[in-house]
Amino acid sequence: MSSGTMKESHSQWSSRMGFMLAAAGSAVGLGNIWKFPYMAGEMGGSAFVLTYLICMFLIGLPILVMEWLIGRRGQKNPIHTMEDVAKAEGRSPEWRWVGIIGVLGSFLILSFYSVIGGWATDYIVLAGKGAFLHANAHDTEQIFNSFLGNVNHLLTWHTVFMAATAFIVALGVGSGLERACKVMMPGLGVLLLGLVAYAYWVSGPAFGEAFRFLFTPNWSALSSTAILAALGHAFFSLSLGMGIMMAYGSYLGKEVNLLSTARTVVILDVLVATLSGMAIFPLVFANGLQPGSGPGLIFVTLPIAFGSMTGGTILGVLFFIFLTFAALTSSISLLEPTVELLEEKTRLGRKSATFLSSLLIWVLGIACLLSFNAWADVKLFDKNIFDLLDYVTSKLLLPVTGLGTIIFGAWMMKQRVIQQELNLNNFWFAIWEGLTKLVIPVAVVAILIYGFWPEK
Ligand code: PFF
């Protein structure tokens with residue numbers, strides 16, 4: 001998304017397709033394939049999944065539309081957009097803080113995102129070497145654990161992933177990457193469908209068990225932690241609350257229909273996440289693995305499938321290549337806000353700003369990477385560094401900035417203009433207003449209070 005990348009490809013953005021690709025590229029990533037399944041596993045399945053689905057459509061979609069809408073009006077980077085649109089509406093320029101906190105969120109998220117992106121990249125090599133051939137659950141667990149214990153190894157791949165991200169952003173070739181994704185994304189989709197079919201084929205009754213685990217309502221398992229996690233994940237998954245979608249919106253042509261475009265992005269995002277769940281959980285149950293085993297879930301389960309199917313080596317390599325690409329189109333969008341801020345606030349040029357931002361994020365990433373081994377016991381508020389970064393960003397920063405965006409759009413902006421932008425008749429606009437003025441702010445505040453309330 002960069003100013004660099006986006007400006008360079010400005011004309012392409014007037015096409016709905018180019019915009020969709022970039023937005024979906026940022027949204028679909030590790031959040032769908034790595035994070036969603038392991039969170040669902042940890043939070044007891046369906047109660048989390050269904051809450052996440054409700055949050056995606058009822059809260060995420062309107063906020064996505066609002067970010068694009070504000071961005072399209074502001075035509076600048078998120079901090080200045082918020083400031084300018086606020087001034088134009090006769091409001092305080094301090095609304096820029098929504099943009100500032102967003103930048104902080106993207107900085108923190110990228111530090112751990114890059115570590116996991118590094119895992120995905122390394123798994124291309126592992127799969128290619130045939131490391132998973134005929135491996136059972138015990139073997140893949142062992143491979144993953146020894147991998148986690150090897151600091152140099154993790155550091156190498158974190159560095160590779162971060163360097164690749166920096167390279168793409170510095171050279172402003174993000175639009176090239178997005179075009180590559182035109183091939184990669186459908187490829188990933190087909191492969192995921194294939195994996196679901198494979199899981200159905202090999203795991204017998206475990207497939208039904210997985211389906212029930214993920215989708216049959218079991219509200220008794222619903223905890224305040226799970227609701228907060230589901231809300232936070234809806235934001236994370238749609239790249240909301242970081243001004244990233246707002247920046248995309250600033251390059252959006254007037255003719256693009258925000259609501260229908262947002263609907264497509266949300267559906268796509270949800271589909272990738274749920275398909276990943278249905279590829280993974282049948283294998284979890286069929287192999288007696290723990291659904292709540294945490295961040296290693298896909299790295300332990302999917303290799304079992306690749307190890308035992310015909311052509312599994314090549315499919316495994318392809319899968320992790322696609323996953324790495326999906327992660328890269330998200331990570332470049334995460335790096336951009338920090339680079340832009342540095343470029344603006346210092347005298348650094350684009351390349352130096354990219355280098356410095358990446359260096360800072362890389363260093364924080366090392367602390368995060370060590371929390372899987374040498375610093376596993378270094379804890380703050382009972383959380384290791386990785387968990388803490390994830391917790392603070394997804395459960396606090398993103399919902400808070402998302403809340404700021406929706407309150408700004410619904411209460412501070414002239415609603416007549418919004419109705420025109422969305423092209424809604426009075427009936428549908430009344431529903432939109434009800435949602436954005438009341439339902440969403442109240443729901444987000446309630447979930448935040450409920451989620452952070454001490455000791456239940
Ligand atoms: N949405 C991305 C994913 O689900 O992997 C992650 C992400 C990208 C989060 C960009 C936030 C963001 F601004």
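Side-chain atoms are counted along with the backbone in the values below, which use heavy atoms only and exclude waters and symmetry mates. Counting convention: from 1, in listed order, for ligands and their atoms alike.
Between Phe306 and Phe132, a ring centre-to-centre spacing not shorter than 6.0 Å is recorded. For an aromatic pair to be called close, the ring centres must be under 6.0 Å apart, and Phe147 with Tyr123 satisfies this. Between Phe36 and Tyr52, the ring center distance clears the sub-6.0 Å criterion.
Salt-bridge formation is detected for the pair Glu94/Arg96: a Lys NZ or Arg NE/NH1/NH2 atom is positioned less than 4.0 Å from an Asp or Glu carboxylate oxygen.
Screening Thr354, Leu356, Val103 for a side chain to side chain contact (heavy atoms under 4.5 Å, CB included) with Leu342, the sole residue that qualifies is Leu356.
Ligand 1 has no nitrogen or oxygen under 3.5 angstrom from a nitrogen or oxygen of Ile244. Polar contact check, Ser333 against ligand 1: no nitrogen or oxygen pair lies under 3.5 Å apart. Distances between N or O atoms of Ala27 and those of ligand 1 include at least one value under 3.5 Å. Residue-to-ligand polar distances keep Leu334 apart from ligand 1: every N/O pair is separated by 3.5 Å or more.
Comparing heavy-atom distances from atom 2 (C) of ligand 1 across Gly102, Ser26, Gly31, Pro337 singles out Ser26 as nearest.
Of all protein heavy atoms, the one closest to atom 8 (C) of ligand 1 is Ser239 OG, 3.3 Å. Here the protein heavy atom with the shortest distance to atom 11 (C) of ligand 1 is Met242 CE, 3.0 Å.
Ligand 1 lies nowhere less than 4.0 angstrom from a heavy atom belonging to Ser106. Within the 4.0 Å heavy-atom shell around ligand 1 one finds Tyr113.
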- Please assess Ser237 against Asp269 for the test side chain to side chain donor-acceptor pair (under 3.5 Å), listing each intermediate value before the final yes or no. CA-CA 7 Å; Ser237 188; Asp269 203 52; 2.5 Å; yes
